[in-house]
2 protein chains.
Amino acid sequence: MSERTAVRLRDTIEQEIATGELPPGTRLDETVLAERFGVSRTPIREALLELAASGLVEHRPRRGAVVAQASPGRLFEMFEVMAELEGMCGRLATRRISDWQRKALSDACKACAKAAAGGDTDAYYYQNERFHYAIYSACGNSFLTEEAQRLHRRLKPYRRLQLRVHNRMLTSLAEHEAIVEAILAGDAEAAETLLKAHIVVQGERFSDLVANLSKLEEVAEAR
Amino acid sequence: MSERTAVRLRDTIEQEIATGELPPGTRLDETVLAERFGVSRTPIREALLELAASGLVEHRPRRGAVVAQASPGRLFEMFEVMAELEGMCGRLATRRISDWQRKALSDACKACAKAAAGGDTDAYYYQNERFHYAIYSACGNSFLTEEAQRLHRRLKPYRRLQLRVHNRMLTSLAEHEAIVEAILAGDAEAAETLLKAHIVVQGERFSDLVANLSKLEEVAEAR
DNA sequence: ACAAGTGTTCTTGTATGCAAGAATATTGAC
DNA sequence: GTCAATATTCTTGCATACAAGAACACTTGT
């Protein structure tokens, strides 16, 4: 492995934030992390600064870093932007998708169906991510793909909660299938609208998310 | 000033990239910068890493940092996303703008008109920025505001070139006025469409930008 | 007992030192 | 003279050292 240590550390910490091992609000002590990973503070600091720049951690001057903690309002704002970007991806993908990307999209959707049929929430979570990345990739705008992925990663700590809600997996799957249909049929407007609706947390769904959010905070405080 | 040195350095370097003092492709030697600013390499490194995370500089492992250099295709992609975000800001702002924000928007537009009337390209450049920031701020979604500003800053090194094109300032102003009218009239759809069209570089305008881009690269190579 | 002020400790922020990889120059063969 | 292999130099990446600000505990006065 020729990769920079700091980069590996950044990815590791990011992963732990995404999976919830480091829930929002957790203090990230440089010294503690350095000992834990068996390195000096320098690469840890670099990793934390990069994570802060990407928005996953908050870096308060002279007061250390904590895993970023989004308020319900903030979360709503982030999902609102995510919806717009995903809608844009879908709209563009409809026009620009290549043949092998069509196949990748269908396959990802089928994999979601399989996971849903088996009632496997964790598998669905993973396949769902694959499905959305397939759309990001098909938009024909690599910068947009990167930005969508960036925001997706930033929302990951919260997204996992959504699927735990009762029956969410099945409605999510139905929406996926409608989206694929629209894209493959060449209906850009429908693809955009459906994707936006798929992301946007509104009404009850947003309440569910917020409810789970407070659970997450309890976990953070317990540490 | 109690601000971290690294943060001040980051802002300074970012500014110099935006103004073109450090054109795309310029090598950013840590030691050289450290001597220039009279600090050690540590805060310089942190500043460069943060700029790399924000996309303004490219950081190649063990090979140092350079000011990010966007190809014409990449630039088109970035502007395509910028157009979408600005359109979204306009659409939301139409519904959510407050009274004092209406005034701020009108004032910014009038300031643009004044600068254009005086033929002052530099003043227009500045007031144009103020105008767009007024729209970002009025969208009622602080996360979207931040993201729009972030992308705006990232495009700054290239944006300056656009206005130099003959007559661009006057057409730009006319577009601004139409946008303000749409927002104040409450026509969200028009605001979105007009803003998208205002940003998107298409046809001749994109060619003009690319032509100036190559000039920029000559400057970088001469160093 | 409580509040305010002060001193201690702990963490961050910056400087410096050192090692390893990349770029460059040098030397030798053809 | 050119190309290639090797040696040298230079830059980055990480470790360590030190300084300064923040958190915390303790003391002291009321």
Side-chain angles (χ1 to χ4, degrees), chain A residues 1-17 22-69 217 220-223, chain B residues 1-17 22-69 217 220-223:
Chain A
M1 58 186 154
S2 68
E3 211 171 26
R4 276 175 55 210
T5 308
V7 171
R8 273 184 297 127
L9 291 170
R10 166 168 63 71
D11 293 343
T12 304
I13 296 171
E14 179 177 328
Q15 184 98 6
E16 295 191 353
I17 292 174
L22 295 172
T26 309
R27 217 166 164 321
L28 297 168
D29 187 295
E30 294 177 3
T31 311
V32 171
L33 288 170
E35 283 181 15
R36 189 186 138 198
F37 289 108
V39 297
S40 81
R41 276 177 50 224
T42 309
I44 295 283
R45 241 182 108 71
E46 292 184 356
L48 291 180
L49 285 171
E50 288 187 55
L51 288 171
S54 85
L56 266 170
V57 322
E58 199 177 335
H59 195 92
R60 301 159 305 176
R62 289 222 172 263
R63 303 188 54 213
V66 296
V67 179
Q69 196 165 16
E217 273 159 23
E221 275 168 38
R223 303 201 173 180
Chain B
M1 56 186 155
S2 67
E3 214 170 24
R4 276 175 57 211
T5 310
V7 172
R8 272 185 296 125
L9 291 170
R10 166 168 64 71
D11 292 344
T12 306
I13 296 171
E14 179 177 327
Q15 185 101 5
E16 294 190 355
I17 293 173
L22 295 172
T26 308
R27 209 160 171 328
L28 297 168
D29 187 294
E30 294 177 2
T31 311
V32 172
L33 287 170
E35 282 182 15
R36 190 188 137 197
F37 289 109
V39 297
S40 81
R41 276 175 47 223
T42 308
I44 295 283
R45 240 183 110 70
E46 293 185 355
L48 291 181
L49 285 172
E50 288 187 55
L51 289 171
S54 84
L56 266 170
V57 324
E58 200 177 333
H59 194 90
R60 301 161 306 175
R62 289 224 170 260
R63 302 188 56 214
V66 296
V67 179
Q69 196 163 17
E217 273 159 24
E221 275 167 36
R223 304 200 172 181

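Each chain gets a letter, A, B and so on, in the order the sequences are listed, and its residues count up from 1.
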- [ ] Sugar-phosphate means primed atoms, P, OP1 and OP2; the rest is base. With that split, encode nucleotides 8-16 of chain C 5' to 3' as B, S or - using protein heavy atoms under 4.0 Å.
- [x] ---SBBBBB

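- Here the closest heavy-atom approach between residue Leu9(A) and residue Pro43(A) is recorded as CD1-CB, 3.8 Å.
- When Val57(B), Ile13(B), Leu56(B) are each tested for a side-chain contact (heavy atoms from CB on, under 4.5 Å) with Leu22(B), only one passes: Ile13(B).
- Separation of atoms CG (Leu28(B)) and CD1 (Ile44(B)) is listed at 9.5 Å; rounding is to 0.5 Å.
- Every residue meeting the side chain to side chain donor-acceptor pair (under 3.5 Å) condition with Arg10(A), not counting sequence neighbours, appears here in chain and number order: Glu50(A).
- Note that the CZ atom of Arg4(B) and the CG atom of Leu49(A) stand 5.5 Å from one another [nearest 0.5 Å].
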